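Just below is one structure, and these are the notes that go with it.
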Amino acid sequence: MPVHVAIIMDGNGRWARRRRLPRFAGHKRGVEAVRAVVKACAERGIQFLTLFAFSSENWRRPPEEVSLLMQLFSGALTNEVSKLNRNGIRLRVVGDLSRFDPRIRQLIDEGERRTAHNQRLTLTIAANYGGRWDILQALARLARAHPEAVRGEIPEEALAPYLSMHYAPEPDLFIRTGGEQRLSNFLLWQLAYSELLFTDTLWPDFDAAALDGAIESYRQRERRFGRTSEQVEQAERAQARATRGASETHKTA
Ligand code: IPE
Ligand code: IPE
Ligand code: MG
């Protein structure tokens with residue numbers, strides 16, 4: 001099972017257009033798909049789910065669409081937090097929140113605070129998020145905290161605590177719905193070694209079964225992290241022996 005799944009939820013507009021509906025109908029159905037996928041991830045024991053809801057480039061859309069997306073976001077923050085809480089889900093929002101209106105920022109604050117003690121699943125919503133922004137804000141904060149550290153070479157471990165998703169391991173599985181095969185400035189740093197999966201399914205049609213399909217595809221893959229296949233198999237055998245050994249010691253004890 002992947003520990004961390006990150007998703008670009010794309011295709012709401014096309015879902016609506018195919019039905020001759022206005023784009024907002026697709027966004028509304030998109031919110032329903034979010035509910036279903038959050039539930040499915042919690043049930044499957046996935047610990048981190050990260051959803052790209054609004055990119056730093058999405059402000060370029062027509063003002064009516066931006067405003068509708070903001071309404072959906074604030075509506076979800078108002079109506080869904082209690083349910084997240086009941087299900088042991090922690091909410092986090094990452095991105096440059098300074099551009100949101102104060103009411104939305106307050107709802108984000110409250111939602112994060114109310115769910116801060118939950119440990120079953122951490123749901124991160126990336127809103128006004130951009131991967132380049134993330135790297136730059138991390139560098140800026142590192143430079144403010146440790147001016148001496150940025151004069152020489154900067155090791156990865158020095159930057160990591162300042163990235164906006166410092167609290168989560170890097171995504172194991174990345175999914176983009178809607179058929180496009182690009183990252184659109186999502187988690188650039190953190191996706192370095194994630195398994196990438198692109199599906200033609202439009203986001204409003206993505207459900208628990210589609211998630212299971214993605215997980216199945218993930219399980220077929222061999223994550224080598226630069227090593228050879230033989231090395232990976234050897235390490236897996238050693239790990240299996242160690243686990244068997246441990247359970248036998250446990251039985252005799
Ligand atoms: C994704 O669906 C939702 C957001 C970007 C907010 P789109 O609105 O991009 O849908 P398409 O790509 O036009 O079909
Ligand atoms: C990416 O989708 C951002 C989100 C899903 C929030 P877009 O639909 O905005 O991406 P591009 O513009 O097609 O790359
Ligand atoms: Mg799109």
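Atoms within each ligand, like the ligands themselves, are counted from 1 in listed order. Computed from a predicted model, the values in this text were never measured in an experiment.
Electrostatic pairing of Glu32 and Arg35 does not count as a salt bridge here, judged by no charged N lying under 4.0 Å from a carboxylate O.
Between the side chain of Asn185 and the backbone N or O of Gly130, no donor-acceptor pair lies under 3.5 Å. Between the Gln231 side chain and the Thr228 main chain, a donor and an acceptor come within less than 3.5 Å of each other.
Among all heavy-atom pairs drawn from Val94 and Ser164, the shortest one is CG1-O, 3.6 Å.
For ligand 1, the atoms lying closer than 4.0 Å to a non-hydrogen atom of His27 are 3 (C), 8 (O).
Here the two rings, on Phe174 and Phe198, have centers that are under 6.0 Å apart.
In this structure, Arg18 fails the cation-pi test against Trp15, since its NZ or CZ atom is not both closer than 6.0 Å to the six-membered ring centre and inside 45 degrees of the ring normal.
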Give one line per pair: atom of ligand 2, protein atom, distance. Only N/O to N/O under 3.5 Å.
{"residue": "ligand 2", "atom": "8 (O)", "partner": "Asp10", "partner atom": "OD1", "Å": "3.1"}
{"residue": "ligand 2", "atom": "8 (O)", "partner": "Arg61", "partner atom": "NH2", "Å": "3.2"}
{"residue": "ligand 2", "atom": "9 (O)", "partner": "Asn58", "partner atom": "ND2", "Å": "2.8"}
{"residue": "ligand 2", "atom": "9 (O)", "partner": "Arg61", "partner atom": "NH2", "Å": "3.2"}
{"residue": "ligand 2", "atom": "10 (O)", "partner": "Arg176", "partner atom": "NH2", "Å": "3.3"}
{"residue": "ligand 2", "atom": "10 (O)", "partner": "Ser184", "partner atom": "OG", "Å": "3.4"}
{"residue": "ligand 2", "atom": "13 (O)", "partner": "Arg182", "partner atom": "NH2", "Å": "2.8"}
{"residue": "ligand 2", "atom": "14 (O)", "partner": "Arg182", "partner atom": "NE", "Å": "2.8"}
{"residue": "ligand 2", "atom": "14 (O)", "partner": "Ser184", "partner atom": "OG", "Å": "2.6"}

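The salt bridge (Lys or Arg N to Asp or Glu O under 4.0 Å) check on Arg17 picks up nothing, with sequence neighbours excluded.
A donor-acceptor pair shorter than 3.5 Å can be found between the side chains of Ser82 and Arg114. With 3.5 Å as the limit, one finds no donor-acceptor pair spanning the side chains of Glu230 and Gln234.
Only protein N, O or S atoms were scored, and 1 of them lie under 2.8 Å from the Mg ion (ligand 3).
Applying the under-4.5 Å side-chain rule to Ile, Leu, Val, Met, Phe, Trp and Tyr, the cluster around Leu68 extends to Phe24, Val31, Leu72.
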